[in-house]
Amino acid sequence: MAQARVRARTPRKESVFGERFAVFAECLLTGVWIAVACLGVVTYPAAFAAGARHLRRRTTHQGGGLREFALDFRTAVRGGWVVGLAGWAVAVAVWVDVLAARAGLPGGPLVGAVGVFALIGAGVALLRATAVWAPGAAWRALLADAGRRTVLDPAGSFLVVCGLAVVALSAWFVPPLAAPVLGAVAAAAVAVEERYRHR
């Protein structure tokens, strides 16, 4: 009788499949939050930082929800908007390079290719920086460290690029899927950083 009571009070452990599906669903929900937070145009670094922090909390079984995401977003956007503005400036510079390459200027194709690869590298470094962001962290230091990890861990950087490709393809084929899949990109960046930390 006592043994039956103990069994009744013990919470049921979630199956491995159930737990992984719950994390996947949380990634999709977080992607929607990230997409909404990115509507400020220069707020995308803060949005990804808040999303990554939320997913880190979820995978370590800590509490957290939309309220915590919003608090993290407000904290991250204080310095993150400058990073977002700089990111748009880099994207415009690369677009000018691509236009120069198409116009047939001497050396244009090489300059365009270098610009596109630099933009991809900057995007990966930014995502890796957001994956380790925490309140009080300086964006400049985060980006410098993430840039080094981007170069020193090419396999991890390639995985982040694959995540970006999934978002691009989702947006191309089924535009409504682009928003939730942003959470999968944030999760990929978090996983890559965890993998790098445990190497």
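These numbers come from a predicted model, not from an experiment. Atom set for the values below is all heavy atoms of this structure, side chains included, hydrogens, waters and symmetry mates excluded.
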[X] side, atom [atom1]; [Y] side, atom [atom2] - distance, nearest 0.5 Å:
X: R53; Y: T130; atom1: CZ; atom2: OG1; result: 13.0 Å
X: L182; Y: I34; atom1: CG; atom2: CD1; result: 6.0 Å
X: L66; Y: L29; atom1: CG; atom2: CG; result: 8.0 Å
X: D72; Y: W133; atom1: CG; atom2: CH2; result: 4.5 Å

For this session: Could you tell me whether E194 and R56 have a side-chain N and a carboxylate O separated by less than 4.0 Å?
Result: no
Problem set entry | Side chains of R58 and C27 in contact at under 4.5 Å (non-hydrogen atoms) | no
Flag yes if [X] and [Y] sit in one hydrophobic cluster, no otherwise; membership is Ile, Leu, Val, Met, Phe, Trp, Tyr, and two members link when side-chain heavy atoms are under 4.5 Å apart.
X: V124; Y: W88; answer: no
X: L169; Y: L177; answer: yes
X: L28; Y: L164; answer: no
X: W81; Y: L143; answer: yes
X: V190; Y: L142; answer: no

Distance-only donor-acceptor pairs under 3.5 Å for side chains of residues 38-45, two or more places apart:
| unit_1 | atom_1 | unit_2 | atom_2 | d |
| --- | --- | --- | --- | --- |
| T43 | OG1 | A37 | O | 2.5 |
| T43 | OG1 | G40 | N | 3.4 |
| Y44 | OH | G84 | O | 2.9 |

For this session: Specify the closest pair of heavy atoms between A179 and A35, including all atoms of both residues, with the distance to one decimal.
Result: CB-CB, 3.7 Å
Exercise. What are the two closest non-hydrogen atoms of A131 and A52, and how far apart are they?
Worked result: CA-CB, 3.7 Å
Seminar exercise, completed: Apart from L71 itself, its cluster of hydrophobic side chains linked below 4.5 Å comprises none
Exercise. Taking V116 as the fixed residue, which of L119, V114, I120 is the one that meets the side-chain contact (heavy atoms from CB on, under 4.5 Å) rule?
Worked result: I120
Atom pairs and distances, donor-acceptor, side-chain atoms in residues 155-162, under 3.5 Å, two or more places apart:
| unit_1 | atom_1 | unit_2 | atom_2 | d |
| --- | --- | --- | --- | --- |
| S157 | OG | R128 | NH1 | 3.1 |
| S157 | OG | T150 | O | 2.8 |
| S157 | OG | D153 | O | 3.1 |

Seminar exercise, completed: ring-ring contact (aromatic ring centres under 6.0 Å, His included) filter on Y196, not counting sequence neighbours, yields none
For this session: Go through R149 and E193 one step at a time and tell me if the salt bridge (Lys or Arg N to Asp or Glu O under 4.0 Å) criterion holds.
Result: CA-CA 9 Å; R149 290 193 304 275; E193 287 301 314; 2.7 Å; yes
Problem set entry | From F73, F48, W33, F69, residue fulfilling ring pair (Phe, Tyr, Trp, His ring centres under 6.0 Å) relative to H54 | W33
For this session: Name all residues meeting the side-chain contact (heavy atoms from CB on, under 4.5 Å) criterion together with A165; count only those two or more places apart in sequence or in a different chain, and write none if there are none.
Result: none
Problem set entry | With R140 via salt bridge (charged side-chain N to carboxylate O under 4.0 Å, His left out) - residues at least two apart | none
